[in-house]
Amino acid sequence: MDKVILAYSGGLDTSVAIKWLKEKYNMDVITLTADIGNVADLEAIRQKALNLGAMKAFVIDARESFVNSFVFPALKANAIYEGQYPLATALGRPLIAQLLVETAKKENALAVAHGCTGKGNDQVRFDVSVAALAPELRIIAPAREWNMTREQTIEYAQSHNIPVPITAASPYSIDQNLWGRSIECGVLEDPWTEPPDDVFVWTKSPKETPDEADYITIGFDEGTPISIDGQRLNGVVLIQQVHEIACKHGVGRIDHVENRLVGIKSREIYEAPAAFVLTKAHQALEAITLSKDQLRFNNIVAGEYADLVYNGLWFSRLRQDLATYVDSSQRYVTGEVKVKLYKGNCQVVGRKSPYSLYDYTLATYDKGDAFDQSASPGFIHIWGLSLRTESKAQRLKPPE
Ligand code: ARG
């Protein structure tokens, strides 16, 4: 029998997909569950796949690769989609696609499968990434093909002895990994409705956050976070620690109406505590270590980079080349940033770097001032020349 590797979350849709793939395609199903952080019980997921008839069930701890090859490169680029979404799901998909492809090769499978519907971005990211890495593989997306409503999916599950998790009763569609959590559907589909409390499960509501602020100092080496309060940490652990303290102070809630690649505007709630804090800190360090022109240009790169990631083009040459530029631009982004977490806010309150371009003797209004004020009139004379010329010829006036 032909084999198919299914990206398996343990949820309702991918559980139904195990049976459905056997029934409809008559294929042996091998499941692959990638641990990219914040998954509950991996062994239970593995057992569930086997119980539902998967021929093999792999669980892969991919947290290190996720952080080092996907999350940190995006952080260095300050990649935030539409200025709001730190791209947690969008960064995870190409990695899962890569693992599907690797497993398909090892297992001699002809196809890979995922549980995405036909309305979202994730189908695009999976399909495009798999096609980029292994064009010969067939891609099956059961939930895009079977045309069942949620009720019908539940009925199918019940008639096939597939346990319907209590979470299937949750009105929300959720995806999460170590970089963030997204919540859609239910009452959130009305963009006027404030997200109810039960939407947030990571971050504390400001009502419940401590009355005392916490301060942490994040150390960066060439744009990559490497330490908290002077203690060197591996990336996964560092993100976890930032996550915990940010959640405690209710930091990282995002409410955004987002433009999907497939043309739909959708209302998205995110919890992205670690991404929020680390991006702010990274930007603050760049503010003292990069020139004005670098900052302006990197901002353009950040927007392009985020769009490529969001739109499923992680493996494109352009994304890779931008990453090379970003790495090079981060050569002096080394130093420390102090942030204050308090009542839902994350504020940068200090920054320092051995390569800082901030020059006290130029900035100060106190004694020790090295700025030559007598040179300013000459500078201003030339700077304003074109405007004076315009004024002479065309009589510039304030708007009426
Ligand atoms: N809107 C976000 C994105 O496109 C989150 C998607 C979450 N995916 C999901 N299957 N619930 O990246």
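Just so you know, ligand 1 is whichever comes first in the structure, and atom 1 is the first atom listed for that ligand. Residues: numbered from 1 along the sequence shown.
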Problem set entry | Numbered atoms of ligand 1 (with element) below 4.0 Å of Glu184, judged on heavy atoms | 6 (C), 7 (C), 8 (N), 9 (C), 11 (N)
Exercise. Less than 4.5 Å apart, any side-chain heavy atom of Tyr156 and any of Glu23?
Worked result: yes
Exercise. Is Gly120 near ligand 1, meaning one of its heavy atoms is under 4.0 Å from it?
Worked result: no
Exercise. Trp20 and His160: aromatic ring centres closer than 6.0 Å?
Worked result: no
Seminar exercise, completed: If you compare Ser173, Gly312, Ser266 by their heavy atoms, the one closest to atom 11 (N) of ligand 1 turns out to be Ser173
Seminar exercise, completed: Nearest non-hydrogen protein atom to atom 2 (C) of ligand 1, with distance, is Tyr270 OH, 3.2 Å
For this session: Answer yes or no: are there more than 12 heavy-atom neighbours, outside Glu136 itself, under 6.0 Å from its atom CD?
Result: yes
For this session: Evaluate the side-chain proximity of His249 to Asp214: yes if any heavy-atom separation is below 4.5 Å, no if none is.
Result: yes
Problem set entry | Crowding at NZ, Lys3 (>12 non-hydrogen neighbours, <6.0 Å) | yes
Exercise. Near Arg125, which atoms of ligand 1 are under 4.0 Å from a heavy atom of that residue?
Worked result: 3 (C), 4 (O), 12 (O)
Exercise. Can you tell me which residue and heavy atom of the protein come closest to atom 4 (O) of ligand 1, and the distance to 0.1 Å?
Worked result: Asn121 ND2, 2.7 Å
For this session: State the atoms of ligand 1, each with its element, that fall below the 4.0 Å cut-off from a heavy-atom position in Asp175.
Result: 7 (C), 8 (N), 9 (C), 11 (N)
Exercise. Which is closest to atom 7 (C) of ligand 1 in terms of heavy atoms, Gly180, Ala88, Cys185, Ser182?
Worked result: Ser182
Problem set entry | Heavy-atom check, side chain of Gln123 versus side chain of His114, under 4.5 Å | yes
Seminar exercise, completed: min-distance protein heavy atom vs atom 1 (N) of ligand 1 -> Glu258 OE2, 2.8 Å
For this session: Identify the protein heavy atom lying closest to atom 10 (N) of ligand 1, giving its residue, its atom name and the separation to 0.1 Å.
Result: Asp122 OD2, 3.1 Å
Problem set entry | Distance-only donor-acceptor check, side chains Asp372 and Ser374, under 3.5 Å | yes
Problem set entry | Exceeds 12 heavy-atom contacts within 6.0 angstrom, atom OH of Tyr355 | no
For this session: Determine whether any heavy atom of Tyr85 lies closer than 4.0 Å to an atom of ligand 1.
Result: yes
